[in-house]
Amino acid sequence: MVRVTTPSIRLLPNAITVLALCAGLSAVQFALTGNYAMSIASIGIAAVLDSLDGRIARLLDATSKMGAELDSLSDGISFGVAPALVLYVWQSHGDRIGWVASLIFAVCMILRLARFNTLLDDTDQPPYAAEFFVGVPAPAGGLVAMLPLIATLQWGEGWWSQQYVVIAWTIAIAALLISRIPTLSLKTVKAPAKAIAPLLVGVGLLAAAIIQFPLVALVIALVLYLLHIPYSVYRHRWLATHPEAWTVPPRERRAIRRARSQRRLRLRPASRRVAGAAMRAVRLPRNGSDLVRATRALRDRDHSSSTSNSSNSSTSGPNQRRRSWRRIGIRRR
């Protein structure tokens with residue numbers, strides 16, 4: 001079936017991108033008038049619109065080279081230039097060091113977007129690469145950079161609002177933008193059918209939290225995003241070393257992970273040598289009969305100098321065998 005798209009419908013994704021650009025630039029205007037709450041809201045609206053334009057373009061089969069370039073330019077202004085200028089107007093007050101930090105953030109955002117565009121044409125990436133971004137994506141970076149301002153509007157002045165703390169924070173987020181740290185991409189997340197109802201309830205609770213406590217909800221969301229980065233790095237490394245999990249659904253990936261963890265705990269000893277005094281002479285036996293034979297030989301040798309054969313046979317009960325297991329440092333399988 002051939003999908004027919006009218007020219008007016010094809011303009012819809014580009015119109016949404018332009019609206020995101022206008023929202024990002026409006027954040028600077030609100031900052032110049034001292035309305036920092038509206039500055040944060042404008043960048044948040046730009047992030048929501050940026051997440052919609054690409055999806056709508058794919059749904060309507062209206063993707064184009066111009067739309068991709070326009071989206072990158074909009075992201076550079078809305079999440080690179082606008083947050084840098086808002087932070088400079090709020091905190092630096094004409095300070096040169098603050099302006100340098102703002103420049104670094106804007107330049108790193110542009111470099112991050114340029115690298116993202118080049119990676120789109122890279123066909124040599126493994127299949128799991130589509131599940132991750134390289135570095136922090138532009139909308140998340142723009143909002144995370146505003147975290148000191150959000151905290152100040154919610155809780156007032158504190159250590160987080162000090163000028164050099166804000167400058168250091170801005171430079172740190174700029175480094176995350178151009179880093180090679182993998183971060184999860186929500187574009188490839190698929191929810192199972194049984195999780196749809198709980199997710200809808202969660203969306204309702206999130207909407208209520210944003211309406212009643214917008215700044216607190218935004219702070220929690222941004223902190224959780226930063227905390228997910230170690231898990232994202234672990235998942236990326238695990239997938240890189242397990243090619244059999246690249247093309248399977250998440251449920252089968254979890255089964256592979258559990259199976260490998262159980263195999264490592266049960267079947268792979270930490271060392272082939274035994275601990276204790278027998279380390280120099282005894283190696284771990286490969287089967288149960290060898291294990292019992294080695295245990296009895298060690299026990300007979302230890303008691304041959306002080307006891308007779310009859311006494312040895314009388315003290316070979318379960319308790320004595322457990323003590324001999326502990327003495328030679330071998331654990332039962």
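Given the structure is predicted, the values throughout are model-derived calculations rather than measurements.
Taking OH of Tyr225 as the reference point, atom CG of Leu184 lies at 8.0 Å (rounded to 0.5 Å).
One hydrophobic cluster, built from ILVMFWY side chains closer than 4.5 Å, cannot hold both Ile181 and Ile104; they sit in different ones.
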For this session: Dump the intermediate steps for side chain to side chain contact (heavy atoms under 4.5 Å, CB included) on Leu85 and Phe105, then the final yes or no.
Result: CA-CA 10 Å; Leu85 292 178; Phe105 182 83; over 6 Å; no
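Of all non-hydrogen atoms in Ser102 and Tyr88, the two that sit nearest each other are OG-CB, 3.5 Å. The two atoms that bring Leu113 and Ala138 nearest to each other are CD2-CB, 3.9 Å, heavy atoms only. Considering all non-hydrogen atoms of both residues, Cys22 and Ser26 come closest at O-OG, 2.7 Å. Between Thr152 and Pro148, the shortest heavy-atom distance links the atoms OG1-O, 2.8 Å. The shortest heavy-atom contact between Leu177 and Arg112 is O-CG, 3.0 Å.
For the pair Ser42 (side chain) and Gly24 (backbone), a donor-acceptor distance under 3.5 Å is absent.
When side chains are defined from C-beta on, Val144 does not count as touching Val136, because their heavy atoms never get closer than 4.5 Å. Looking at Val223 and Leu227, their side chains come closer than 4.5 Å, going by heavy atoms from C-beta outward. Side-chain atoms of Leu239 and Phe132, non-hydrogen and from C-beta on, do get closer than 4.5 Å to each other.
If you look at Tyr231 and His228, their ring centroids are not closer than 6.0 Å.
Residues passing the ring pair (Phe, Tyr, Trp, His ring centres under 6.0 Å) test with Phe133: none are found, sequence neighbours excluded.
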